[in-house]
Amino acid sequence: MENPHLGVGFFMTQGFKSNCCKTMRKNNRTRSGLTSDTESPTNPWDTYWKGTRQSSTYKEGETESHVLTRQWREGFEGLEYQAVRMLDIASGYGIVAQMATSAFGDRPHEITCIDISEAALDAIKGKIPSVKTQACDASKLPFEDSSFNLITSQFGIEYAGEKAFLEACRVLEPEGTLMVIAHLAGGGIHKECEANYAAIKQFRESQFIDRSLDLLETKMKRGSPQEDIDLAFECAKPSIKTTADLIKKYGRGIAGGTLDKIFTDVARISRNSQNYDPKEVLGWLDLMRIELEAYSGRMESMCRAAIDDCQAAKLESALSGSGIQLKRFVKLPFADSGENCAWLILGKKVA
Ligand SMILES: C[S@@+](CC[C@H](N)C(=O)[O-])C[C@H]1O[C@@H](n2cnc3c(N)ncnc32)[C@H](O)[C@@H]1O
């Protein structure tokens, strides 16, 4: 099963279907890269969270990992505050807030979720209306000092760097609790992200989408001479070979199965090109280009965010310097018997 923290859910739903262009953005093809000028490449998370709302592959209510779910459950149950004032940082789709809501039950609580993506926060509001939301960067929290007695984050705060941890300490009140699960450099999730990122980079460099667009456009154009079609196919051949080799090397599931999906759909359309509407096909390939760009951006940011041993030591000392008494700063596996994937950081602010 795909790891939800790689954010591949949307891709699994985006194979080519006839008439799919009716729900697509306007055709806005650029041939120079994977980006489009109408879809901002600057917030790949927003693109992801918009898509995830349409996807059924994102599990509701808890993480896909029993180990992580257990940590949260035990953490929430162990809290001794009469009323919990919780801030969840980089909440995404609100999985931690959801687990907290069910763990707290009738105990008085107020949960605030922040994220850089408005789309993610809209989704949380739809699911848990009682939660307060605020779109902001985790390194600049718009809250007064000591505003919360519980700060949580799962695979999120580290995206905004050490400054975000210091901000978390600032808005945490004395005796407040810090509970963080963060990406581990060299861990299972990090390695998957690196492989996805590398595969997409090579796919992009192969110009498979551009060459496919040329080939399909030529084939679908009424009255195209056979020699034009042959030429377009000759031009597409190197990118077809590179993509086939990539899928063989990394496996069909690489990048959430997207490369394989694009490859097989293009082959199918090319074989029966007369049965397809050119506008729909070209629009779909443009959409794939945009989605791949956003996906690649997410993979890159996850790789950058992951914390290695050296950064962990530095972070440990920064947290202590900000008044956090650490109870645990350890590596966690995704599954009971699996390889490590995360850091668990648990601490309390000294009174
Ligand atoms: C891997 S997702 C994790 C989401 C959620 N915590 C979960 O466990 O499912 C990372 C989240 O961090 C958010 N994010 C990335 N950079 C951020 C920043 N600088 N400030 C706030 N949120 C950020 C993204 O929008 C995304 O929702």
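Order of appearance sets the numbers: ligands from 1, and atoms from 1 within every ligand. Since the model is a prediction, treat every value here as computed from it, not as a measurement.
L172 pairs with exactly one of I151, L87, D145 by the side chain to side chain contact (heavy atoms under 4.5 Å, CB included) rule, that one being I151. Results of the side chain to side chain donor-acceptor pair (under 3.5 Å) test with R85 over E173, H109, E110 single out E173 as the only residue that passes.
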| request: With side chain to side chain donor-acceptor pair (under 3.5 Å) as the test, would you mind laying out the steps for D115 and S117 before giving the verdict? | output: CA-CA 5 Å; D115 199 282; S117 162; 4.5 Å; no
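Under a 4.0 Å criterion applied to the non-hydrogen atoms of D137, ligand 1 contributes the atoms 19 (N), 20 (N). Under a 4.0 Å criterion applied to the non-hydrogen atoms of A160, ligand 1 contributes the atoms 19 (N). Each of the following atoms of ligand 1 lies closer than 4.0 Å to a heavy atom of A138: 18 (C), 20 (N), 21 (C). Residue-ligand proximity, F155 to ligand 1, at heavy-atom distances under 4.0 Å covers atoms 1 (C), 2 (S), 3 (C), 10 (C). The Y159 neighbourhood of ligand 1 comprises atoms 1 (C), 10 (C), 15 (C), 16 (N), with distances under 4.0 Å to a heavy atom of that residue.
With a 4.0 Å cut-off on non-hydrogen atoms, S91 touches ligand 1 through its backbone and not its side chain. In Y93, neither the side chain nor the backbone holds a heavy atom less than 4.0 Å from any atom of ligand 1. With a heavy-atom cut-off of 4.0 Å, A120 does not touch ligand 1 at all. The part of I95 lying near ligand 1 is the side chain, judged by heavy-atom distances below 4.0 Å. The part of C136 lying near ligand 1 is the backbone, judged by heavy-atom distances below 4.0 Å.
At least one N/O-N/O distance between D115 and ligand 1 falls below 3.5 Å. Considering backbone and side-chain atoms alike, Q154 places an N or O below 3.5 Å from some N or O of ligand 1. Below 3.5 Å of separation, one finds no N or O of W45 facing any N or O of ligand 1.
Geometric assessment of K127 against the ring of Y93 yields a positive cation-pi assignment under the 6.0 Å and 45° thresholds.
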Could you pull out all donor-acceptor pairs under 3.5 Å where a side-chain atom in residues 313-324 meets a protein atom, sequence neighbours excluded?
from: K314; atom 1: NZ; to: E162; atom 2: OE1; distance (Å): 3.2
from: S320; atom 1: OG; to: E316; atom 2: O; distance (Å): 2.9
from: S322; atom 1: OG; to: A318; atom 2: O; distance (Å): 3.1

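Using cut-offs of 30° and 60° on the angle between ring planes, the pair F203 and F208 is tilted.
Between the OG1 atom of T177 and the CG atom of N149 there is a distance of 7.5 Å, given to the nearest 0.5 Å. For the atom pair H190 NE2 and R304 CZ, the distance stands at 11.0 Å (nearest 0.5 Å).
Listed by chain and residue number, nothing satisfies the ring-ring contact (aromatic ring centres under 6.0 Å, His included) test with F165 (two or more places apart in sequence, or in another chain).
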